[in-house]
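Okay, structure first, notes after.
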Amino acid sequence: MNSSDQHGSVDLPAATLRFLDRVGEVGISIEPVVFPADTRTSQQAADALGCHVSEITKSLVFMADDAPLMVLMAGDRRVDLVRVAEVVGAQRVRRAELEEARNHSGYSPGGTPPFGHVKAMQVLADRSITGNDVVWVAAGSPKTVFAIGVNDLVRLSDARLVDVAEEV
């Protein structure tokens with residue numbers, strides 16, 4: 001695996017370049033790590049990084065009634081849709097279909113970053129992500145991630161900290 005700055009020598013996927021251009025200067029260094037193969041699951045990313053799956057934060061797009069919603073969730077946890085509906089006051093919450101997720105975030109599932117979306121959407125961050133000081137998140141492509149401090153992640157994604165993980 002290789003890392004690169006925004007315009008380094010590693011060939012970054014087009015979606016990652018788009019993400020970097022979209023977020024511009026956010027006050028933190030975003031240095032994508034490029035995997036040789038897609039890492040569409042949290043476990044695949046953790047294995048490639050040599051970290052625990054809880055250090056991966058998933059950026060998941062849902063539809064709360066007709067509104068897009070992102071939930072940031074630790075890689076070893078699952079989203080409780082009933083809890084999400086209660087938190088946002090929706091009648092129904094469901095996982096966004098592929099095209100809905102792409103339309104609202106600008107990225108494919110498995111590579112969706114936690115901020116820098118093409119359309120504004122509410123973001124919830126499950127408290128499970130606060131178990132680590134630094135987490136790994138997608139950088140626009142299933143082949144790229146970057147490390148970010150949890151406080152920066154919550155701030156930059158304008159997330160509300162909530163408890164929406166399924167009970168374990």
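Fair warning: this is a prediction, and the values are worked out from it, not measured in the lab. Just so it is clear, the values below take in all heavy atoms, side chains as well, and ignore hydrogens, waters and symmetry mates.
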[Y] side chain reached by [X] side chain, heavy atoms, under 4.5 Å:
X      : Y      : result
Thr39  : Ile56  : no
Val79  : Phe62  : yes
Ile28  : Arg155 : yes
Asp76  : Val53  : yes
Ser42  : Met73  : no
Pro109 : Leu98  : yes

[X] side chain vs [Y] backbone, donor-acceptor pair below 3.5 Å:
X     : Y      : result
Thr41 : Gln44  : yes
Arg83 : Glu166 : no
Arg22 : Gly106 : no

*Passes side-chain contact (heavy atoms from CB on, under 4.5 Å), Arg160 versus Val88? Steps please.*
CA-CA 11 Å; Arg160 179 166 46 134; Val88 300; 4.2 Å; yes

Identify the two heavy atoms, one from [X] and one from [Y], that lie closest to each other, and give their separation to 0.1 Å.
X      : Y      : value
Gly140 : Thr16  : C-OG1, 4.3 Å
Ala48  : Phe35  : CB-CE2, 3.3 Å
Phe115 : Leu156 : CB-O, 3.6 Å
Thr112 : Met70  : CG2-CE, 3.5 Å
Asn132 : Ser54  : ND2-O, 3.0 Å
Leu72  : Ile129 : O-CG2, 4.0 Å

May I ask whether [X] and [Y] are part of the same hydrophobic cluster, defined by side-chain heavy atoms of I, L, V, M, F, W, Y residues being less than 4.5 angstrom apart, directly or through others?
X      : Y      : answer
Met63  : Leu69  : no
Ile30  : Leu17  : yes
Val23  : Val135 : yes
Leu153 : Leu124 : no
Leu161 : Val164 : no

*Candidate pair Asp158 and Val123, rule side-chain contact (heavy atoms from CB on, under 4.5 Å), full reasoning*: CA-CA 7 Å; Asp158 196 24; Val123 180; 6.0 Å; no

_Does Leu12 form a side-chain contact (heavy atoms from CB on, under 4.5 Å) with Leu20? I'd like the steps, not just the answer._
CA-CA 10 Å; Leu12 293 173; Leu20 293 172; 3.8 Å; yes

*Would you find more than 12 non-hydrogen atoms of other residues, nucleotides or ligands less than 6.0 Å from Asn151 atom CG?*
no

*Taking everything shown except Arg78 itself, do over 12 heavy atoms lie less than 6.0 Å from its CZ?*
no

[atom1]/[X] to [atom2]/[Y] distance, rounded to the nearest 0.5 angstrom?
X     : Y      : atom1 : atom2 : answer
Asp47 : His52  : CG    : NE2   : 10.5 Å
Glu99 : Ser108 : CD    : OG    : 8.5 Å
Leu81 : Arg95  : CG    : CZ    : 8.5 Å

*Please report the C-alpha distance between Asp65 and Arg92 in whole Å, then the side-chain angles of each, then the deciding distance to 0.1 Å, and finally whether the side-chain contact (heavy atoms from CB on, under 4.5 Å) criterion is met.*
CA-CA 5 Å; Asp65 295 331; Arg92 179 174 180 249; 4.1 Å; yes

